[in-house]
Structure formats: structure tokens, C-alpha cells
Amino acid sequence: MARCGAPARGHGGTRDPARRETGMRSRKGSEAGAVLVLVALLLLLLLSFVALGVEAGRWFLVRAELSKTVDAAALAAARNISNPHVDPVSLATELTAENFPPGHLGTPVSGVGSPRFDIQLLSDGRFRVEGHASAIAIFGRWLGLDMIPIASVGVAQKKQVEIMLVLDRSGSMSGTPISDLKRAAGSFLDFFADTQNDDRAGLVSFATSVQVERALGSNFVTPMKAAVDAMSAVGATNAEDAIARAGGPQGFTDQSGVPADRRVRQFLVFFSDGRPTAFRGTFKKRGTTYDAVGCVTGNCGPGEIGNTTVTYGNLGEPDREAWLGIDPRTTGDGNASGSRCGTSGTTRWNIFDARPVPGHGPEDCGIPYRTELASHVCNLASSLALQHAQELKDRGIAIYAIGLGQVNRSFLEQLATDRSRVYYAPTSDQLEALFQEVARQIKLRLVQ
């Protein structure tokens, strides 16, 4: 007989199976519910990040467009600071209204946050354009953000400029080419009529000899156009002395000690229709040293080199170069007596000390002029011009090169600052368009 209160024999005190299965189902249900809540929270967080990314993208877009607008307005105002026909502040105002009107990119059409611009001409000649706008928040409202204020500032200044025109008036330019060049150079100068009180320009022309037609100075348009109109075409092509004179006492100012941000912008505009055929140097004949120009007759192109090499003086008289009575083809030491090359006296080319004819010493007698001397003069005429151009570029002067007809393109490409500043005109009637394009490019580069 079983005792009272004791479990029935055979059950061992285990729970009811039905109750155990019910507890397991309850625990699994709770775990599934927790996973669903966690997934929902993660999904909400993910959507918030996506919304914030979309919102931030809109804000950055508004800021980028606002920055472009203030920069463009400041640059346009600076470019027209001296234009008597345009009010630069009004121009900047019109540009901001056109490029970023109210409501642009979802900004408010009016009231708080609508686009507004403050345009100022500062005391140092800079234009400052400050823009403000607000990007209306869409998803950001979940975080309590209605509008995001955005601002951007653009500052621009027109730099003063120095320009040296270096123009070819050699004999091959006679007739229509020189007439078209005069018209082209005149139209180039007209581009700077509104700024000539502050800017400076000068003119160098070259043939066998070189003439500084007008030293670098302001109020240049009328006198320089008159000097261009007075040019006549005759003689060889002495580009090297022309470029050297552009960088000399009557040319560009020396800015070696001026901080980079305060330097005047300097440009040389070089024009020619042929290969260099002459250079300036010193020559010694029978004990007398001459400052003169040596050149070849004809051209310096392949198969075109002339058979004679001549020397001219009277360098201060353009188009009136005088034959010195020297035959430099009879090369030698230049001594009046005791010459190793004979009693008649010889011509010593002093530049051959540093740049001798290949295979010859600087005082060699009677270098064959048809096969060696004339070609060496041609090489010197080009290499010295490129040397002087590099000296100017090392000083921070930008060089544009304009060529006409059968000009040596390789020479111009080496002469210019880079190939983007080299222009070619197959015929002279195209020169005016090219000179105007160079003027436009210079004006664009004057604003920073």
C-alpha cells in the first residue's frame, strides 16, 4: 500500500510531456519576435543612412552650383573692371540671377533661405562675390532639420599686363602680307584700348636689323598702330636680336624680386613668315671690331640656303642697313697684319669662339661657305633666337607664336611657351582672326 502523499510508483516525479512542448513553443516564439524587432531596427537604420546620403548629395550639389555661380560672377566683373561700356557690379548681379535663380535645385523661392548675393569691389581692385542659399531638407526632417544653410565666396582680380609685339618685316612680307599684318596687329591692339592707362605694351620690328619701334609704356594703342602702319618690308630675318631686344632695357620690366602673387603678367607675341636667316654679333676685320649683323642670302630651308654670307652695319637705321665692305666668307683671325691666313686680312666671327663651325676652330681660315659656313649661320640664327626665348620664359614671360605660310613650325613650337600658344595662318588674310584670338586668350589669362 502506498503511503499518503508519496508519488505513485513508476512515474519518478517527471513533468507532463504536453506542458514541456508548450514551453518550448513559447520560447521559440519569443526568440523569433526578437529577431523581427532587430531586423526592423536595422532596416530603419539602413534607410536613415540612405536618406542621409541622398540628402547630403543634394546639399553638396547646391553648394557646388553656388560656388560656380560666385566664381563666374567674380571673374566676369574682374574682366570688365576697365570696360567703359559695362558696369561690372551690374554684370555680376545679372550673372548670379541667371545662373542661380530663386528655387534653383529646390532652394526656397522666397523668404528665409532663398538665394542672395553680396557683390563688392574691394580697395585693391578685387571683386568679391558672396552667395547664400538653403537646401530644403526632405528626409532630414526625420532628424528635425528643415533647411541646411549653404554659403560660398568667389574672389577675382584683373592683373596688369605687359605685352611686347615682335613683328617680322623682312622682304618676303612685301605686298599683301605686310598690309594684312598691319591690319591684324591693329585689331590686336584695339582689344586693350580700355585698359591702356594701366597696362603697358611695346613694339619691336625685325628684318636684317632690329628696331624698337616703341618702348614698353602705357597709352600705347594709337602710337603703336601708327608705328605698325609705318613699317616697310625689306631685308633678312633677324629673329634672335628682336627677341633679345624685347627683353632688354626698352622691353619687359625685371620682376625677379617681386613676389609671385604681385607680378605683372607678361606676354611676348612673336610673328614671322619664314626661317631665321640672320643674327647680330661682333666681327673683327683688319684689327677693327664691328657690331653688325651676319646673314645668308635667300632662305634657310632645306636646299634653299644661299651661296653667300654677308655682314651689315648701321643697325640703328631700320631698312637702311649698309654693307660694311666686309667679305666674311674669308674667315680667319681678323688681324690687320701678321695674319696666319694671308696679308689681305680676314674676318673673325667672334661668336665662333663659343659656337664654332663643326670641324673647325674659331679662327680657321677660309671655311667653305657654300657647304659649311652658310648652313652654320642658319643654325646660329635659329638657335640664338631659341636661346633668348628660353631666357624670357625662365623669367616667367609667356610667349605666343604666330606663323604665316611656309614658316618653320618646329622653330615656332620650340619658341612658344607650349604648343597651345602656337598659331598658323596659311594665307595672310587669316592673320587678323589669329591675332584677335591671341588677344582674347591673353585677356582671359589676366584674371585670377
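- When only modelled atom types and interatomic distance are considered, Ser172 and Asp273 share a side-chain donor-acceptor pair under 3.5 Å.
- Among Phe435, Phe206, Tyr423, the one residue that satisfies the ring pair (Phe, Tyr, Trp, His ring centres under 6.0 Å) test with Phe270 is Phe206.
- For the pair Arg409 and Tyr424, the cation-pi test (distance below 6.0 Å, angle within 45°) is passed.
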*Please report the C-alpha distance between Asn379 and Ser383 in whole Å, then the side-chain angles of each, then the deciding distance to 0.1 Å, and finally whether the side-chain hydrogen bond (donor to acceptor under 3.5 Å, both in side chains) criterion is met.*
CA-CA 6 Å; Asn379 291 334; Ser383 62; over 6 Å; no

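- Under the 4.0 Å criterion applied to side-chain N and carboxylate O atoms, Asp194 and Lys443 are assigned as salt-bridge partners.
- Side-chain contact annotation: Asp291 with Thr282, donor-acceptor N/O pair under 3.5 Å absent.
- Phe100 and Phe117 have perpendicular rings, their planes meeting at more than 60° on a 0 to 90° scale where under 30° would count as parallel.
- Ring-plane geometry between Phe192 and Phe220 is classed as tilted, the angle between the planes lying from 30 to 60 degrees on a 0 to 90 degree scale.
- Rounding to the nearest 0.5 Å gives a distance of 9.5 Å between CD of Gln414 and CZ of Arg419.
- Counting only N and O atoms by type, the side chains of Arg200 and Ser218 include no donor and acceptor under 3.5 Å apart.
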_side-chain hydrogen bond (donor to acceptor under 3.5 Å, both in side chains) for Thr208 and Asn238? Distances and angles first, verdict last._
CA-CA 5 Å; Thr208 304; Asn238 188 358; over 6 Å; no

_Evaluation steps, salt bridge (charged side-chain N to carboxylate O under 4.0 Å, His left out), between Arg421 and Asp418_ = CA-CA 6 Å; Arg421 305 194 199 204; Asp418 54 61; 3.6 Å; yes

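- For the pair Met224 and Arg214, the tightest heavy-atom approach, listed with the atom from each and the gap, is CG-CD, 3.5 Å.
- Atom CZ of Arg63 has 12 or fewer heavy atoms from other residues, nucleotides or ligands within 6.0 Å.
- For Lys284 and Tyr290, the positive end is not near the middle of the six-membered ring at less than 6.0 Å and at most 45° from its axis.
- A salt bridge between Arg348 and Asp364 is absent, with no side-chain N of the basic residue lying under 4.0 Å from a carboxylate O of the acidic one.
- There is no side-chain donor-acceptor pair under 3.5 Å between Asn408 and Ser410.
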_Residues Lys225, Asp190; criterion salt bridge (charged side-chain N to carboxylate O under 4.0 Å, His left out); working and verdict_ = CA-CA 9 Å; Lys225 290 175 75 172; Asp190 286 338; 3.1 Å; yes

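- Side-chain contact annotation: Glu130 with His132, donor-acceptor N/O pair under 3.5 Å present.
- Ion pairing between Arg280 and Glu240 fails under the 4.0 Å rule for side-chain N and carboxylate O.
- By the 4.0 Å N-to-carboxylate-O rule, Asp180 lies close enough to Arg183 to be salt-bridged with it.
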